[in-house]
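Every chain is numbered from 1 and lettered A, B, ... according to where its sequence line falls, protein lines coming before strand lines.
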Amino acid sequence: MQPASVIREAGIRLRVRMLIVIASGGLAVFAAMAFVTIAEVRSGSAAFRENRLAYEVARDFANPSQSLTGGEVFFHSIQSANDVADIENVKDQLRRAEVRIEAGHAYYTQTMPPGPLRDLVTGDAYQSTTEWYALAEREYIPAVERGDFPQAQRIRIERLDPLVLKDTAANAEITRLTNMWIVSNAAIVESTVRSRRWQLAGVGLITLLIQLLLGLVIDSSVGSSTRRLSETLDELRRKSEEVEAFVYIVSHDLRAPLVNVQGFSRELEVSCASLKATLAASALPEPTRDTVTEILDEEIGGALKFISASASKFERLIDALLGLSRHGRQVYRIEKVDVAELAASSIASLRHSALDAGATIRIAALPPVYADVTALGQVFSNLVGNSLKYRSPERPLEIEIGGEAAPGAVHFWVRDNGLGIPESGMTRLFQVFQRLHPNQAPGEGMGLAIVQRIVERHGGRIFAESHEGEGTTVHFSLPGSPRPAHTDAHERNRDVRS
Amino acid sequence: MSAHDPGFTILIVDDDEGHIELVRRNLRRIALGNPIVALQDGARALNYIFQRGEFIGRPPADILMLLDINMPGSVNGIEVLRQIKADPITRRIPVIMLSTTDDPREVSRCYDLGCSVYITKPVDSGHFIESVRRLGLFLQVIQVGADDSDRFFPSNPRVPAPEPR
């Protein structure tokens with residue numbers, strides 16, 4: 001996959017995610033406002049509060065059992081009272097009703113808005129009720145208790161009943177006014193809610209607009225940073241392509257003169273051989289022949305040997321450079337790799353030299369990774385090969401291949417107890433042609449450079465820790481989940497182009 | 001075939017004089033007495049093949065071409081190969097690619113274009129000598145067996161390409 005398109009995709013994903021966040025944020029704000037509004041309508045609005053009061057009033061005065069119209073029940077219970085105890089009970093009920101009426105009076109005086117309804121509730125209705133109760137308590141009940149029923153009857157007809165009539169009239173008026181009050185309150189509440197509805201709609205609209213604006217702003221900023229990032233990546237890719245091309249051309253062009261050096265040294269060798277043959281067949285005097293043979297063998301031959309050796313060395317270096325550049329181009333096939341198995345098989349070819357060195361190689365249980373099998377195999381064989389090459393003569397070599405899963409990656413290491421690397425060499429460790437123990441083993445100084453290249457092309461990191469005389473551990477990480485090696489696509493493209 | 005017919009002409013195209021000299025010596029060593037024409041750039045090589053420019057009226061001959069890839073100027077070895085193989089007549093000329101690199105992309109590209117053999121320099125290997133002999137032999141065989149219309153350009157003997165990476 002093209003790195004630029006990967007970035008574009010990531011940009012789109014980011015934008016979508018941010019829009020979702022904004023949208024849900026907006027929704028939350030809207031819901032909160034709606035909730036607050038409803039709560040406000042319920043508790044804060046005067047009309048709503050009054051409405052509740054109006055319903056209380058209506059309940060208190062329209063319900064016969066709650067008002068004086070319930071007096072019939074009371075009379076009935078007195079007349080049917082058989083003994084003193086029953087009378088006492090009725091008196092008790094009477095007192096409690098009085099307390100209730102006093103409390104209601106206080107409550108309505110405090111809470112009701114001034115006006116004819118309040119005047120009625122706290123005036124006529126209250127007075128007729130309290131008077132009725134007082135009269136009943138002070139005169140009617142004592143008369144009944146005395147057994148003076150004609151007197152009681154008189155009190156009832158002449159004084160109590162007119163009070164009841166008065167109260168009933170007041171109650172009817174209260175009910176009428178209360179109903180009107182409730183109706184007008186309902187209209188007020190409804191209009192309040194309606195206005196809130198428009199406010200809510202407005203808030204919703206504004207939230208939406210803000211979302212849209214924020215979305216646009218974020219979209220454009222993410223878009224531009226994505227663009228910048230992919231431009232940088234393109235630039236980097238161009239650079240790396242340039243470097244690849246440079247290495248390729250250099251290796252190519254350096255070889256041409258080298259072919260001449262090699263070819264003509266061989267020609268000279270052939271010439272020397274035929275010269276010697278001619279010399280052997282010639283009739284030259286012995287000392288002269290010896291001298292010429294010596295010049296041919298020792299001087300020319302020696303010089304040619306140096307030229308050939310140097311040319312070969314030069315060729316190996318160019319090959320190594322070319323090889324490294326190829327490692328940068330090779331198309332990886334990323335798959336899930338059983339690393340322990342791969343490590344074991346990739347160091348199988350080193351078994352012989354491991355035996356010679358008396359080395360112990362331990363491979364721990366290794367987590368799987370997503371990598372190119374061939375390339376990863378080379379990583380292990382290069383690293384283990386290095387450990388074998390640069391072992392310490394003072395102790396038997398031990399090599400440990402370990403690994404553990406880390407978040408998003410798998411961390412591996414190859415540890416040995418070999419020569420170690422001097423502190424001064426650590427910075428050059430992964431550079432090409434760097435050989436820190438040149439006399440220990442043959443090589444071009446490319447092994448770690450190639451390893452680094454492979455690991456980094458997989459999107460991993462590599463570093464080494466080492467103590468001279470104690471050993472070296474090379475650590476590297478590889479992706480633990482499948483993802484395309486980022487240079488593959490552009491390599492395929494380039495291969496098609498070239 | 002007349003008694004004077006020296007057989008096929010070996011055309012060496014290489015910008016490096018030293019390389020030409022080394023090829024010459026190698027050919028001499030295997031006692032190939034064929035006439036050798038050496039040219040140092042691709043444009044002249046095409047002129048030679050197509051008998052144009054300075055090579056108008058060049059006597060017809062069977063050609064075995066040894067072609068370097070990396071040459072300066074606008075016409076490198078790949079381009080020479082492409083043009084020769086694009087022409088229905090000259091495409092039968094056997095071409096041995098001589099290159100300093102064994103880059104797999106280059107190798108497969110040359111085989112795709114229709115080269116006979118791809119050889120990596122230096123050229124003193126047995127592979128080179130064997131290839132020249134074999135392709136030369138093909139030229140002779142075809143020359144004897146072919147009718148006149150087909151005389152100059154034998155069919156292209158294909159050497160199997162190595163598996164490209």
Q) Any chance NZ of A:Lys313 has more than 12 other-residue heavy atoms, nucleotides or ligands included, within less than 6.0 Å? A) yes
Q) Just wondering, are more than 12 heavy atoms of other shown residues or ligands nearer than 6.0 Å to NZ in A:Lys276? A) no
Q.
Using a 6.0 Å cut-off, check whether atom CD of A:Glu335 has over 12 heavy atoms from anything other than its own residue.
A. yes
Q. Can any side-chain N or O of B:Asp16 pair as donor or acceptor with the backbone N or O of A:Pro257 at less than 3.5 Å?
A. no
Q) Sub-3.5 Å donor-acceptor pair from the side chain of B:His19 to the main-chain atoms of A:Ala256, do we have one? A) yes
Q) Rounded to the nearest 0.5 Å, how far apart are CD of A:Gln262 and CG of B:Leu22? A) 10.0 Å
Q. What distance do A:Asn260 atom CG and B:Glu21 atom CD have between them, rounded to the nearest 0.5 Å?
A. 10.0 Å
Q) Take atom CZ in A:Arg316; do more than 12 heavy atoms of anything else shown fall under 6.0 Å from it? A) yes
Q | CD/A:Glu341: more than 12 non-hydrogen atoms of other groups inside 6.0 Å | A | no
Q | Part of B:Glu106 within contact of chain A (heavy atom distance under 4.5 Å) | A | side chain
Q. If every non-hydrogen atom of B:Thr100 is compared with every non-hydrogen atom of A:Arg255, which pair is closest and at what distance?
A. O-CD, 2.5 Å
